[in-house]
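Each chain gets a letter, A, B and so on, in the order the sequences are listed, and its residues count up from 1.
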Amino acid sequence: MQRSRIKNILSDGNAGQSITVCGWVRTRRESKGIAFIALSDGSTQDTLQLVIPEAAPAFQKLTHCNTGAAVKVTGLLKESPAQGQKFEVEVSEIEIFGDADPAAYPLQKKGHTLEFLREIGHLRPRTNTFGAVFRVRNILAKAVHEFFQSRGFIWVHTPIITASDCEGAGDLFTITSLPLERLPATADGAVDFSQDFFGKQAYLTVSGQLEAEFLAMSLGDVYTFGPTFRAENSNTSRHLSEFWMIEPEMAFADLKDDMQLAEDFFHFLCRRVLEKGDSEIAFLEKFYKNTSVTELRDLSEKPFVHISYTDAIEELEKSKEKFEFPVKWGLDLQSEHERYLTDKVFKGPVIVTDYPKEIKAFYMRLNPDEKTVAAMDLLVPKIGEIIGGSQREERLDVLTERMLHAEIPLENMQWYLDLRRFGSAPHAGFGLGFERLVQYVTGMHNIRDVIPCPRAPQTIKF
RNA sequence: UCCCGGGUAGCUCAGCCGGCAGAGCAGGUGGCUGUUAACCACCCUGUCGGGGGUUCGAAUCCCUCCCCGGGAGCCA
C-alpha cells in the first residue's frame, strides 16, 4: 500500500504535495462547516492534523471516523495557518478500514491511568505514552548494537534453554516435555529427568554470562542481548519474570576496563536517546515529570562517581539517616542504602566496587586482600542496581576452591573450569537489565510499562 | 513471600459514625466558520470485586476469597 509515514511528512514534507497517509484517529473536533482529526501512525510522537471542509466528500463519512478508527486519507499537504503544528492535510478522500464504536472502545480522548492501560495491553501502544516508551525502547535497542559493533564486539547468541543451574542468579523455570499428569519417578521419588527430552533437567536461562565467557575466551570481545527468565516470586515495580539482558564480556580486561566500558556505554545510550528520541522524552517529561532532557544530557556526559563497598559502608555509618536495616561491613547494601548513596550523597549514578566475597557470586575474581572480590554495581537514582559486573576469576585453583565453598557441583562445570585450564586470561563483563534502562531513561515508575507483554508472578496475558 | 492502601457508571473518584446511588471526564443529541484532550446546552450510564454473616434495613459493620497499587525481600 502506497503511504507516507507521518514522521517523514513532518520532517521532509513540502507544502503543495499530494499525499496519502494511513493511521488511527486520535481525536476528532468539529465546528460548523469544518472538522479536524488528529491522526497517528505510530511512526512518531506527533500527530498529523487533518482538515476536512464541509464541501469535501470525506465530510459525510466522519460519523464513522471516531477515536480509534483506522483510516486512509488522501489530500494536499499545506502549511498550517494555526498554532500548534507546521503542516496539515486538507483531505479530499477518506477510506475507513475499521471504525471503533465510541461506546465500546476503551481508549477515549481523555487521560487514562497507567494501571488501567495495563489491563488493555493490546491497545495501550496506541496511546501517546506507550508509543513514546516503545519508540524509546527501540532507539535504545539499536543503540546497544551500534555501541558494541563500533567497538568491535561480536554479538553472540547464548542459549535460552540451558542445563546450568548453578549461577545463583535466582530461581529457574524448568522446561520439560514429560507428561505432567504422570511424571516418571526415580527410586527415591524424585522426577526422573533422564527420561526427559534432553536426558537431564533443563531450564530457561537466567543469564548468558557463563556461555559468553567461553566465547570471549576465543573471540575476544563479545556481547549478548536476549531474553532472560527468573522464576522468583518478586512482586515489585522493578522485576519481571521475562526480561531482556545485555551482557558484554571482554577478554584481557580487568575491573577498571569493565567500569570504563559500563560508563561509556551508559553515556552513549543517553546521548542516542537525546538525538533520536527528543520528542518522546519531551512528551514524557511534560506529562509525567519523571524524566528530563536536562537530566539525560547531564547523564550522557558526567563521569560516574566511584566508591568501594568499604568506603560506602563508612559513608552510611557516618550518616544521620535512620535506616530500617543495619549497616555493617559484610552485609549487603539494602535498597534504602543504595538510594541514600545515589539520591542524597552523590545525586547521580554511583559505581560501588569490591564487595565482600561472601555476598557475591563464585565466579568473581578474589582480590589480593582475600576478603573482597573485583565486583562492581552501577546504582542509579530511583531504580537502584541497573548493572552488575565483575572481573572473572581466571585462576583455576582459586575458582575451584570458591566453587567447592559455594557447594557448586564441579562435575557439571568442567567446561567452565576448562577455560581456566587451557589458555586462561583475565576477563571481565557485566549484565545490564534492558527494561531497567528503558525505565530509567523514560522515567516510567513501573517496569511493566516498558515492555509490551510483561510477565510477572500471576501475570501472563496473550 | 511479607507489610500497608485500594476495588462504587466506560474512565477517575466522592459517598463509608447503617436509612432512596452521586460528581467530573468519556459517550449520545443539538448549537457554533480554524479547532489543538475545542467550547456551550441537554440526555444516557450501576452485579457498589465475589461469597457468607450481623441487622427491620448494608456501598457503609464483621469474616473470607479474588484482583490491583505502593513498599520490602530476592535481583538485572
| Any N/O donor-acceptor pair, S234(A) side-chain to C75(B) base, under 3.5 Å | no

| Pick from T372(A), N367(A), L333(A): which one makes a side chain to side chain contact (heavy atoms under 4.5 Å, CB included) with Y355(A)? | L333(A)

| message | Taking only side-chain N and O atoms of R238(A), does any of them lie within less than 4.0 angstrom of OP1 or OP2 on A72(B)? | response | yes

| query | Should the pair Y416(A) and F362(A) be assigned to parallel (<30°), tilted (30 to 60°) or perpendicular (>60°) ring geometry? | reply | perpendicular

Please produce a list of atom pairs where a protein N or O lies less than 3.5 Å from an N or O of nucleotides 6-12 of chain B.
| unit_1 | atom_1 | unit_2 | atom_2 | d |
| --- | --- | --- | --- | --- |
| C11(B) | O2' | K110(A) | NZ | 3.1 |
| C11(B) | O2 | K110(A) | NZ | 3.2 |
| U12(B) | OP1 | T113(A) | OG1 | 3.2 |

| query | When you compare C44(B) with G7(B), how far apart are their P atoms, in angstrom units rounded to a whole number? | reply | 27 Å

| query | Hey, which of these two, T459(A) or W244(A), hits RNA chain B nearer its 5' end, going by closest nucleotide? | reply | T459(A)

| Counter-base of C2(B), judged by Watson-Crick or G-U geometry with both distances under 3.5 Å | G71(B)

| Which one is paired to U12(B), where only Watson-Crick or G-U wobble pairs with both distances under 3.5 angstrom count? | A23(B)

| message | Distance check, C1' atoms only: G27(B) and G52(B), in whole angstrom units. | response | 37 Å

| Counterpart base for C39(B), defined by Watson-Crick or G-U wobble contacts under 3.5 Å | G31(B)

| said: Can you check the distance between C42(B) and U47(B), where both ends of the measurement are the P atom (answer in whole Å)? | reply: 27 Å

| message | With a cut-off of less than 4.0 Å, is there a side-chain N or O of T236(A) near OP1 or OP2 of C75(B)? | response | no

| said: Applying a 4.0 Å non-hydrogen cut-off, can you work out what N235(A) is touching in the nucleic acid: base, sugar-phosphate, or nothing? | reply: base

| query | Do F304(A) and H267(A) have ring centres separated by under 6.0 Å? | reply | yes

| Base, sugar-phosphate, or nothing: which does L437(A) touch, judged by heavy atoms less than 4.0 Å apart? | nothing

| task | Would you confirm whether the ring centroid of Y203(A) sits within less than 6.0 angstrom of the ring centroid of F229(A)? | result | no

| request: Compare side-chain N and O positions of N233(A) against OP1 and OP2 of G73(B) and report whether any pair is under 4.0 Å apart. | output: no

| Over 12 non-hydrogen atoms of neighbours within 6.0 angstrom of CZ in R455(A) | yes

| query | Does the separation of the ring centres of F325(A) and H337(A) fall below 6.0 angstrom? | reply | no

| message | Centroid distance below 5.5 Å plus an interplanar angle below 30 degrees: do F434(A) and A76(B) meet both conditions? | response | no

| request: Considering only NZ, NE, NH1 and NH2 on the basic side and carboxylate oxygens on the acidic side, decide whether R28(A) and E30(A) come within less than 4.0 Å. | output: yes

| query | Quick check: are there more than 12 heavy atoms from other residues, nucleotides or ligands sitting under 6.0 Å from NE2 of H112(A)? | reply | yes

| said: Counting only heavy atoms not in Q458(A) (residues, nucleotides, ligands), do more than 12 fall under 6.0 Å from its CD? | reply: no

| task | Describe the nucleic acid contact of R26(A) in one word from base, sugar-phosphate, nothing, applying a heavy-atom distance below 4.0 Å. | result | nothing

| note | Heavy-atom contacts, protein to nucleotides 30-35 of chain B, under 4.0 Å, summarised as B (base), S (sugar-phosphate only) or - (none) per nt, yield --BSBB

| query | Are any of Q334(A)'s side-chain N or O atoms less than 4.0 Å away from OP1 or OP2 of G73(B)? | reply | yes

| Step by step, would you call K360(A) with D332(A) a salt bridge (Lys or Arg N to Asp or Glu O under 4.0 Å)? | CA-CA 9 Å; K360(A) 287 290 180 186; D332(A) 208 353; 5.5 Å; no

| Considering only heavy atoms and no angle criterion, is a donor-acceptor pair shorter than 3.5 Å present between the side chain of R448(A) and the base of C68(B)? | no

| query | Looking for any heavy atom pair under 4.0 Å, which part of the strands does T27(A) touch: base, sugar-phosphate only, or nothing? | reply | sugar-phosphate

| note | When rounded to whole Å, the NZ to P distance for the pair K461(A) and C68(B) reads 10 Å

| field | Paired nucleotide for C17(B) [Watson-Crick or G-U wobble; both distances under 3.5 Å] | value | none

